[in-house]
Amino acid sequence: MGAFAAERKEPIPAAVVDEPKTAAHHEKAVFAGGCFWGTQAVFQRVKGVEKTTAGYAGGSAQTATYDQVTTETTGHAESLEIVFDPVKISYGTLLRVFFSAAHDPTQLNRQGPDVGTSYRSAIFYTSEEQKKIAEAYIAQLDAAKAFPAKIVTQVVPLKAFYAGEDYHQDYALKNPDNPYIQVCDVPKIAALKAQFPDLFQTYKGH
């Protein structure tokens, strides 16, 4: 994934279909794009994002623990809940960051060195509006051949999101010298800053 992000100099095209302007200041998005450390490291540095929580989606409450999810038998994906201000950033723009800088949406049930369904690419939509935007954007990107292979990202309804353990929150920020973070996640942050300089914000923790 580090190489994938680093190789792309320009961001992918913006979403043609996006949510209408709104006066609401809080909306939630849930994305799965490999290890949630890296996904969180990207989105907490996006202007308009107010809070991010690393956790699990796709399985039951009883199995929403790291030890169980890593057995690849729970149906969960390592996911990120994003609370954002739609006045400042649209859902379509979040999707653009997700596909362009946060992960490789053409890898099936894996992301870089991490293999298994818990590392799958998925969009857990919270409304029919989000579903419509996500499906239209994937079709748009595939038609434009924005990636060398077909996008495999699932678009599925969010049944529930379960927050991950405390030690997973802000993991990349708190463990900058971890070799995994250096190899897999630092390049994603660099890609965000290079591709979306107007969206980039410094993050120093809550």
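None of the values given here were measured: they were computed from a predicted structure. Only this structure's heavy atoms are used, side chains among them; waters, hydrogens and symmetry mates stay out.
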*Asks:* Check whether Asp142 reaches the backbone of Ile151 with its side chain - one donor and one acceptor, N or O, closer than 3.5 Å.
*Replies:* yes
*Asks:* Give a yes or no answer on whether the side chain of Thr70 reaches the backbone of Asp67 with a donor-acceptor pair at less than 3.5 Å.
*Replies:* yes
*Asks:* Quick one: pull up CG in Asp185 and CH2 in Trp37 and give me the separation to the nearest 0.5 Å.
*Replies:*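 The CH2 atom of Trp37 is 8.5 Å from CG of Asp185, to the nearest 0.5 Å.
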*Asks:* Please report the closest heavy-atom contact between Glu50 and His25, naming both atoms and the distance.
*Replies:* OE2-O, 3.7 Å
*Asks:* Decide yes or no on side chain to side chain contact (heavy atoms under 4.5 Å, CB included) for Asp170 and Gln40, but give the supporting numbers first.
*Replies:* CA-CA 7 Å; Asp170 282 355; Gln40 184 176 47; 4.2 Å; yes
*Asks:* Which atoms form the tightest heavy-atom contact between Lys132 and Val17, and what is the distance?
*Replies:*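 Looking at all heavy atoms of both residues, the closest pair is CE-CG1, 4.3 Å.
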*Asks:* Set out, in order, the CA-CA distance, both residues' side-chain angles and the distance that settles side chain to side chain contact (heavy atoms under 4.5 Å, CB included) for Phe99 and Ile138, then state yes or no.
*Replies:* CA-CA 9 Å; Phe99 284 122; Ile138 289 172; 3.7 Å; yes
*Asks:* As an exercise, state the distance from SG of Cys184 to CD of Gln111, rounded to the nearest 0.5 Å.
*Replies:*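 Rounded to the nearest 0.5 Å, the SG-CD separation comes to 9.5 Å.
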*Asks:* Nearest 0.5 Å, what's the NZ-CG distance between Lys51 and Asp85?
*Replies:* 15.5 Å
*Asks:* Please report the closest heavy-atom contact between Ala57 and Phe124, naming both atoms and the distance.
*Replies:*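 That would be O-CZ, 3.7 Å.
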*Asks:* Look at the side chain of Ser79 and the backbone N and O of Ala77, then say whether any donor-acceptor pair between them is shorter than 3.5 Å.
*Replies:*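 A pair under 3.5 Å: yes.
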*Asks:* Do Leu141 and Phe147 make a side-chain contact, defined as non-hydrogen atoms from C-beta onward lying under 4.5 Å apart?
*Replies:*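 Side chain of Leu141 against side chain of Phe147, heavy atoms only: contact under 4.5 Å found.
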*Asks:* Please walk me through it: do Ile89 and Val46 pass side chain to side chain contact (heavy atoms under 4.5 Å, CB included)?
*Replies:* CA-CA 9 Å; Ile89 189 167; Val46 175; 3.4 Å; yes
*Asks:* Go through the structure and list residues passing ring pair (Phe, Tyr, Trp, His ring centres under 6.0 Å) with Tyr125, not counting sequence neighbours.
*Replies:* none
*Asks:* Are Ile82 and Val30 linked, directly or through other ILVMFWY residues, by side chains that come within less than 4.5 angstrom of each other?
*Replies:*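 Ile82 does not cluster with Val30.
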*Asks:* Measure the CG-CZ distance between Leu108 and Arg120 for me, rounded to the nearest 0.5 Å.
*Replies:*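 The CG atom of Leu108 sits 10.5 Å away from the CZ atom of Arg120.
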*Asks:* Quick one: does Glu78's side chain have a donor or acceptor within less than 3.5 Å of a partner on Ser118's backbone?
*Replies:*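 No; zero donor-acceptor contacts below 3.5 Å.
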*Asks:* Going through the distances and angles, do Thr153 and Ser121 end up as a side-chain hydrogen bond (donor to acceptor under 3.5 Å, both in side chains)?
*Replies:* CA-CA 5 Å; Thr153 306; Ser121 174; 2.7 Å; yes
*Asks:* Do any N or O atoms from the side chain of Glu19 and from the backbone of Ile133 form a donor-acceptor pair under 3.5 angstrom?
*Replies:*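 Absent.
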*Asks:* Provide the closest heavy-atom pair for Cys35 versus Tyr119 in the form atom of the first, atom of the second, distance.
*Replies:* N-CD2, 3.7 Å
*Asks:* With a 3.5 Å distance limit and no angle check, can you tell me whether Asp18 reaches the backbone of Gly92 through a side-chain donor-acceptor pair?
*Replies:* yes
*Asks:* Over all heavy atoms of both residues, which pair between Thr117 and Glu72 is shortest? Give the atoms and the distance, please.
*Replies:*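 Closest pair (atom of Thr117, atom of Glu72, distance): N-OE1, 3.0 Å.
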*Asks:* Does any part of the side chain of Glu165, heavy atoms only, come nearer than 4.5 Å to the side chain of Thr65, both counted from C-beta?
*Replies:*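 Of all side-chain heavy-atom pairs linking Glu165 with Thr65, at least one is under 4.5 Å.
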*Asks:* Could you check whether Tyr180 and Asn175, counting side-chain N and O atoms only, form a donor-acceptor pair closer than 3.5 Å?
*Replies:*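 Side-chain D/A pair, Asn175 to Tyr180: absent.
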*Asks:* Quick check: does any side chain N or O of Glu81 sit under 3.5 Å from a backbone N or O of Phe161, one acting as donor and the other as acceptor?
*Replies:*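 Checking the backbone N and O of Phe161 against the side chain of Glu81, no donor-acceptor pair under 3.5 Å is found.
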*Asks:* Determine yes or no for a side-chain-to-main-chain donor-acceptor pair under 3.5 angstrom, with Arg96 supplying the side chain and Phe98 the backbone.
*Replies:* no
*Asks:* Is there side-chain contact between Thr106 and Lys150, with at least one heavy-atom pair below 4.5 Å?
*Replies:*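 A side-chain contact under 4.5 Å is absent here.
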*Asks:* Please round to the nearest 0.5 Å and tell me the distance separating atom CD of Gln130 and atom OH of Tyr91.
*Replies:*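 If I round to the nearest 0.5 Å, the distance is 4.0 Å.
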*Asks:* Only counting residues at least two apart or in another chain, list the ones meeting ring pair (Phe, Tyr, Trp, His ring centres under 6.0 Å) with Phe36.
*Replies:* Tyr56, His168
*Asks:* Could you check Val97, Ile189, Leu199, Thr202 and say which one makes a side-chain contact (heavy atoms from CB on, under 4.5 Å) with Arg45?
*Replies:*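 It is Ile189, the one option of Val97, Ile189, Leu199, Thr202 that forms the side-chain contact (heavy atoms from CB on, under 4.5 Å) with Arg45.
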*Asks:* Just checking His76 against Tyr162, ring centres under 6.0 Å apart?
*Replies:*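 Between Tyr162 and His76, which both carry aromatic rings, the centre distance is below 6.0 Å.
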*Asks:* Measure from the side-chain N and O atoms of Gln195 to the backbone N and O of Ala190, and report whether any donor-acceptor pair falls under 3.5 Å.
*Replies:* no
*Asks:* Do Leu95 and Ile123 have side chains that get closer than 4.5 Å, going by heavy atoms?
*Replies:*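 Yes. Closest side-chain heavy atoms under 4.5 Å.
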*Asks:* Below 4.5 Å, heavy atoms only, C-beta onward: do Asn109 and Val152 meet side chain to side chain?
*Replies:* no
*Asks:* Are Leu173 and Val186 grouped together when hydrophobic residues (ILVMFWY) are joined by side-chain heavy atoms under 4.5 angstrom apart?
*Replies:*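 Unlinked, Leu173 and Val186 end up in two clusters.
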*Asks:* Check whether Phe200 and Leu80 end up in the same hydrophobic cluster, where Ile, Leu, Val, Met, Phe, Trp and Tyr are linked by side-chain heavy atoms less than 4.5 Å apart.
*Replies:* yes
*Asks:* In terms of heavy-atom contacts, does NZ of Lys47 have more than 12 from other residues, nucleotides or ligands at under 6.0 Å?
*Replies:*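 Count over threshold, so yes.
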*Asks:* Apply side chain to side chain contact (heavy atoms under 4.5 Å, CB included) to His103 and Thr39, showing your working.
*Replies:* CA-CA 8 Å; His103 83 308; Thr39 317; 6.0 Å; no
*Asks:* Which heavy-atom pair separates Ala14 from Tyr137 by the least distance, and what is that distance?
*Replies:*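 In terms of heavy atoms, the two residues are closest at C-CE1, 3.8 Å.
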*Asks:* Measure from the side-chain N and O atoms of Arg110 to the backbone N and O of Gln107, and report whether any donor-acceptor pair falls under 3.5 Å.
*Replies:* no
*Asks:* Kindly compute the distance separating CG (Leu158) from NZ (Lys131), expressed to the nearest 0.5 Å.
*Replies:* 14.0 Å
*Asks:* Are Phe84 and Phe43 close enough that their ring centres sit under 6.0 Å apart?
*Replies:* no
